[in-house]
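First up is the structure itself, then whatever we jot down about it.
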Amino acid sequence: QVQLVESGGGLVQPGGSLRLSCAATGSIFSINAMGWYRQAPGKQREMVAIITNGGNTNYADSVKGRFTISRDNAKNTVYLQMNSLKPEDTAVYLCNVEIRTHASSSYYADNWGQGTQVTVSS
């Protein structure tokens, strides 16, 4: 059994900053890519940022230069530092982690967090 626990969302004024965290716990043999997605009301879920187990990163064009994704492999945790926030960043942010639970299998399953609300408003 694997759990992803997110934290760090909230209400912030335009131009402000927030840091999201997502910790994976449970039966974990190894972790591949970790990422953040977001979904605003009435819109499709979109990728925000992804980081591979080798540290390579990929960002949505809308957040490049403002958001930074990082990971702590010792803590099985992924972070999203969000700076210069805009009202259009308002959404539920969800983490996604590819986890291999057994040494006997090479399969990495997608695991999703419960989501954390980020609201950017004055």
Can you find a heavy atom in the side chain of [X] that is under 4.5 Å from one in the side chain of [Y]?
X	Y	answer
Q13	V120	no
S121	L11	yes
L80	V48	yes
W36	E6	yes
Q117	Y93	no
R71	I31	yes
V92	T116	no

Notebook entry, point to check: Between R66 and S17, does a side chain to side chain contact (heavy atoms under 4.5 Å, CB included) hold up when you go through it step by step?
Noted result: CA-CA 9 Å; R66 300 189 297 124; S17 297; over 6 Å; no

Item checked: Under 3.5 Å donor-acceptor, T77 side chain and K75 backbone ->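 Checked: pair present.
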
Check: Going by the disulfide (SG to SG under 2.5 Å) test, which pairs reach into residues 43-122, not counting sequence neighbours?
Finding: C22-C95

Note to self: Run F67 and M82 through side chain to side chain contact (heavy atoms under 4.5 Å, CB included) and show every step you take.
What the structure shows: CA-CA 4 Å; F67 291 10; M82 305 185 293; 3.5 Å; yes

Do [X] and [Y] share a hydrophobic cluster (ILVMFWY, side-chain heavy atoms under 4.5 Å, transitive)?
X	Y	result
V118	Y79	no
L20	I50	no
V97	I28	yes

Check: How would you list all residue pairs meeting salt bridge (Lys or Arg N to Asp or Glu O under 4.0 Å) that involve residues 91-117, not counting sequence neighbours?
Finding: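 Checked against salt bridge (Lys or Arg N to Asp or Glu O under 4.0 Å) - neighbours excluded - no pair reaches residues 91-117.
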
Next item on the list: For M47 and Y59, work out which heavy atoms get closest and say how close.
Entry: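 Answer, listing the atom of M47 first, then Y59: CE-C, 4.3 Å.
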
Note to self: Give me the atom names and distance for the closest heavy-atom approach of S122 to P14.
What the structure shows: N-CD, 3.7 Å

Item checked: With R45 via side chain to side chain contact (heavy atoms under 4.5 Å, CB included) - residues at least two apart ->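 In terms of side chain to side chain contact (heavy atoms under 4.5 Å, CB included), with neighbours along the sequence ignored, R45 is linked to Y37, Q39, L94, W112.
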
Check: Taking 4.0 angstrom as the limit, do K86 and D89 come out as a salt bridge?
Finding: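 Here K86 does not pair with D89 in a salt bridge, since their nearest N and O are not under 4.0 Å apart.
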
Check: Is it true that atom CD of Q3 has more than 12 heavy atoms of other residues, nucleotides or ligands lying nearer than 6.0 Å?
Finding: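 Atom CD in Q3 is not crowded, with 12 or fewer foreign heavy atoms closer than 6.0 Å.
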
Inter-residue atom distance [X].[atom1] - [Y].[atom2], 0.5 Å rounding:
X	Y	atom1	atom2	result
S70	Q81	OG	CD	8.5 Å
Q44	E46	CD	CD	10.0 Å
L4	N96	CG	CG	8.0 Å
N32	Y107	CG	OH	12.0 Å
D72	M34	CG	CE	9.0 Å
N83	T68	CG	OG1	6.5 Å

Check: Can T90 and E88 be counted as having a side-chain donor-acceptor contact under 3.5 angstrom?
Finding: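 T90 vs E88: no donor-acceptor pair found between side chains.
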
Note to self: Can you see whether S30 engages Y108 through a side-chain donor-acceptor pair at a distance of less than 3.5 angstrom?
What the structure shows: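 Present: a donor and an acceptor within the cut-off.
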
Next item on the list: Would you check, one step at a time, whether the test side chain to side chain contact (heavy atoms under 4.5 Å, CB included) holds for V12 with T119?
Entry: CA-CA 6 Å; V12 64; T119 302; over 6 Å; no

